2 protein chains.
Amino acid sequence: MDWTVPNDRYGPDTELDPEAADPVWYQLAAILTARIVAGRYKRGRVIPSENQVIGEFGVARSTVRKAVKLLVEKGLVRTVHGRGSYVREDLDV
Amino acid sequence: MDWTVPNDRYGPDTELDPEAADPVWYQLAAILTARIVAGRYKRGRVIPSENQVIGEFGVARSTVRKAVKLLVEKGLVRTVHGRGSYVREDLDV
DNA sequence: GTCTATTTGTTCGTATGTATT
DNA sequence: TAATACATACGAACAAATAGA
């Protein structure tokens, strides 16, 4: 797989660092990606809702959406209006 | 009407020039004004969203907001939180 | 069929930091 | 120093789709 998000730096349980060089939305995308790769978020299943991510990480909704948007662009998840974002079945990671 | 934005210089299809003497946000305000006057943006209807303007002109959101702010001050549009900016019905241009 | 709650989609409001001029 | 312009980040309001009672 072609990683745009640096998972050598942001593992599944890494905390967000507002002071880091990478923006928070990017760090968040890396963490969510790591969780998908680790199997914590399983294929065909929904990832946590925007509000749940907000609750866990204490970030703004726009930040969550920016992170998930990157996951969609990377082909990791697909988002369905009114339902949620699903981990793609055909992931070869 | 009392033009503060110089529409003799910036028509509806004028391009932005970062090198020009007038700041970009001012040029943008003039272009949007020209489009309202030309009827391209009609009375009572919304003008393009901030993101759409960003997409068309390739400027920052703050630049768009500064331009629209001038239109509001000039009485050309009214802005509604969560919905958009509407061309005023009572324009006498 | 209707109502309600949940969730994503879109839009504007505000503040801060950085770089450039 | 001040103005401009970009990016980031948090809030808030409203709309639309979905699902279940």
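First the proteins, then the strands, lettered A, B, ... as listed; each starts at 1. If you're wondering where the values come from, they're calculated on a predicted model, not measured in any experiment. All heavy atoms count here, side chains included; hydrogens, waters and symmetry mates do not.
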Report the residue from B/K66, B/K69, B/R61, B/R83 that forms a salt bridge (Lys or Arg N to Asp or Glu O under 4.0 Å) with B/E50.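 Among B/K66, B/K69, B/R61, B/R83, the one that satisfies the salt bridge (Lys or Arg N to Asp or Glu O under 4.0 Å) with B/E50 is B/R61.
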Roughly, in whole Å, what's the span from [atom1] in [X] to [atom2] in [N]?
X: B/K69; N: D/dT4; atom1: NZ; atom2: P; answer: 11 Å
X: A/E50; N: D/dG11; atom1: CD; atom2: P; answer: 15 Å
X: A/R78; N: C/dT8; atom1: CZ; atom2: P; answer: 13 Å
X: A/L28; N: D/dC10; atom1: CG; atom2: C1'; answer: 14 Å
X: B/I47; N: C/dC12; atom1: CD1; atom2: P; answer: 8 Å
X: A/Q52; N: C/dT7; atom1: CD; atom2: P; answer: 6 Å
X: B/H81; N: D/dA13; atom1: NE2; atom2: C1'; answer: 5 Å

For B/V59 and B/I54, which heavy atoms make the closest approach, and how far apart are they?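 That would be O-CG2, 3.4 Å.
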Any Lys/Arg nitrogen of A/D13 or A/R40 sitting under 4.0 Å from an Asp/Glu carboxylate oxygen of the other?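 Yes, this pair counts.
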Check whether [X] reaches the backbone of [Y] with its side chain - one donor and one acceptor, N or O, closer than 3.5 Å.
X: A/R43; Y: A/L91; result: yes
X: A/R35; Y: A/P12; result: yes
X: B/Q27; Y: B/Y10; result: no

If you check the A/R83 side chain, which of D/dA19, C/dC12, D/dC14 turns out closest?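 Closest of the options to the side chain of A/R83: D/dA19.
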When you compare the protein's N or O atoms with those of nucleotides 7-9 of chain D, which come within less than 3.5 Å of each other, and at what distance?
unit_1, atom_1, unit_2, atom_2, d
D/dT8, OP2, A/K66, NZ, 3.3
D/dA9, OP1, A/V24, N, 2.5
D/dA9, OP2, A/V24, N, 3.3
D/dA9, OP2, A/W25, N, 3.4

Distance check: side-chain N/O of A/R65 vs OP1/OP2 of C/dG9, anything under 4.0 Å?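 Yes.
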